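All figures in this text were calculated on a predicted structure; none of them were measured in a lab. Chain A is the first sequence line, chain B the second, and so forth, proteins listed ahead of strands; every chain is numbered from 1.
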Amino acid sequence: MPELPEVEVLVRHLAPLLQNRTIREVHVHRPKVLLPTSPRELQERLSGARFLGLTRRGKYLLFALRGKGRNNDFSLVGHLGMTGRMYLQPAKQSLPKHAAVVLRLGRENFIYEDQRYFGRLTLAVEAVAALGPEPFEAEFTPTALAQALQRSTRPVKVKLLDQELVAGVGNIYASEALFRAGISPRRPAHRVKLHEVKALHRAIRAVLREAIRNGSTIPLNFGTEGKRDGLFYYGQALGMPDFYEERLRVYDRLGQPCDRCGTPIRRLVQAARSTFYCPDCQR
DNA sequence: CACCATGTTCCTTG
DNA sequence: CCAAGGAACATGGT
């Protein structure tokens, strides 16, 4: 459940549920997701600690915790990778197949499961410190974006995935933002004109904001029921027929007509990732 | 069997 | 030192 909007919606969902809850037990099923933190280190730090809050930075979740003893506040850093999920479920309920870390909070468990184990739940904060500006914060300006783009000759689509450029844009919303801005994904970053950079800046914010809005209308109570959850950027899905509508204009729409000009959407591979675009609307 | 998948990091090459 | 490219990570769906 990966890009910024999905993480934002998850954070809003979990924050009130975790507030003031105390961690009674720590169970690490996949030590790999803690690295470089060790299972013992995590256990010692988290046992008896209480959740003070939960925020987001880029695609990362930041859990604020207060450990036992005085002056013992610290952060726990989460990242969902490609397939990570985090949710609460009754402690008596059986654990999912790919449970990576389980925190017992009284009668409920906080579950971090991850089918591919690309995500993280760690005490190491370095990766967060290296992130670029938050897309909705004031530091993210067209000028700052233009300067960052000017230093690279890589295709602008590839550059948008660089979390130092702007934090939180992933493969799906990079394609969507470029479509909205009318810029070809192949364009070398330093050749994007200033007026286009301005359009791109607006497009990034618009695409993310709309996705958050759409995602906020979808229930995230997946701890209690079946397998699937709200990959809410996909249109019709997951047994909820007309609740979801089509939300993406180019991503995963190979061959479908562009809804602006009717030209079939194309796919290309850049830096080993799929890019979708309209060859007529994006130059 | 082949190819695809929402992400990040590490290694190599130029 | 830097930018760019590609593989690796691990599992499952089609």
Hey, does the side chain of Arg267(A) come within less than 4.0 Å of dA5(B)'s phosphate (OP1/OP2), counting only N and O? yes
Check the side chains of Ser274(A) and Arg267(A) for a donor-acceptor pair under 3.5 angstrom, ignoring hydrogens and angles. yes
Taking 4.0 Å as the cut-off, does a side-chain nitrogen or oxygen of His79(A) come that near to OP1 or OP2 on dT8(B)? yes
Indicate, yes or no, whether a donor-acceptor pair under 3.5 Å links the base of dA3(C) to the side chain of Arg154(A). no
So does Arg151(A) get a side-chain nitrogen or oxygen closer than 4.0 Å to the phosphate oxygens (OP1/OP2) of dA3(C)? no
Using OP1 and OP2 only, check whether a side-chain N or O of Lys97(A) sits under 4.0 Å from dT11(C). no
Given the rule that I, L, V, M, F, W and Y join up when any side-chain heavy atoms are under 4.5 Å apart, are Val158(A) and Val207(A) in one cluster? no
Ignoring backbone atoms, test whether Ser274(A) places a side-chain nitrogen or oxygen under 4.0 Å from the OP1 or OP2 oxygen of dA5(B). yes
Using 30° and 60° as the class limits, which term best fits the ring planes of Phe51(A) and Phe110(A): parallel, tilted or perpendicular? tilted
With Leu80(A), which of Met86(A), Lys59(A), Arg120(A) fulfils side-chain contact (heavy atoms from CB on, under 4.5 Å)? Met86(A)
Whether Thr153(A) contacts dA4(C) is assessed here as follows: a side-chain N or O lying under 4.0 Å from the phosphate OP1 or OP2. Is that the case? yes
OP1 or OP2 of dC9(C) versus the side-chain N and O atoms of Arg120(A): is any pair under 4.0 Å? no
By nearest atom, which of the nucleotides dA5(B), dT11(C), dT9(B) is closest to the Arg30(A) side chain? dT11(C)
Arg260(A) vs Asp280(A) side-chain heavy atoms within contact, under 4.5 Å: no
Using a 4.0 Å heavy-atom cut-off, does Phe118(A) contact any base of the nucleic acid, only the sugar-phosphate backbone, or nothing at all? base
Same apolar cluster (I L V M F W Y, side chains within < 4.5 Å links), Val101(A)/Leu62(A): no
Separation of dT11(C) atom C1' from Leu80(A) atom CG, nearest Å, is 16 Å
Rounded to whole Å, how long is the line connecting atom OH of Tyr173(A) with atom C1' of dG7(B)? 15 Å
Atom CG of Leu161(A) and atom P of dT9(B) are separated, to the nearest Å, by 13 Å
Counting a pair only when it is Watson-Crick or G-U and both distances are under 3.5 Å, which runs of at least 3 such pairs involve DNA chain B? B:2-5 with C:11-14, B:7-14 with C:2-9
Nearest-nucleotide wise, let me know which of Ala272(A) and Leu131(A) is further upstream toward the 5' end of DNA chain B. Ala272(A)
Under 3.5 Å, is there a donor-acceptor pair between the side chain of Thr37(A) and the main chain of Leu42(A)? no
To the nearest Å, give me how far apart CG (Leu34(A)) and C1' (dT8(B)) are. 17 Å
For Gly168(A) and Val269(A), take the nucleotide of DNA chain B holding the closest heavy atom to each; which residue's nucleotide lies nearer the 5' end? Val269(A)
Would Arg30(A) and Tyr112(A) count as a cation-pi pair here, with the cationic atom under 6.0 angstrom from the ring centre and within 45° of the axis? no
Separation of dA4(C) P from Lys157(A) NZ (nearest whole Å): 15 Å
Using only side-chain N and O atoms of Lys59(A), determine if any of them is under 4.0 Å from OP1 or OP2 of dG7(B). yes
Using a heavy-atom cut-off of under 4.0 Å over every strand shown, decide if Ser152(A) touches base, sugar-phosphate, or nothing. sugar-phosphate
Rounded distance (Å) that lies between atom P of dC4(B) and atom CZ of Arg273(A): 13 Å
Measure from CD on Gln270(A) to P on dA3(C) and round the result to the nearest Å. 19 Å
Contact class for Ala271(A) (heavy atom, under 4.0 Å): base, sugar-phosphate, or nothing? nothing
Nearest whole angstrom, please: distance from the P of dT11(C) to the NZ of Lys32(A). 9 Å
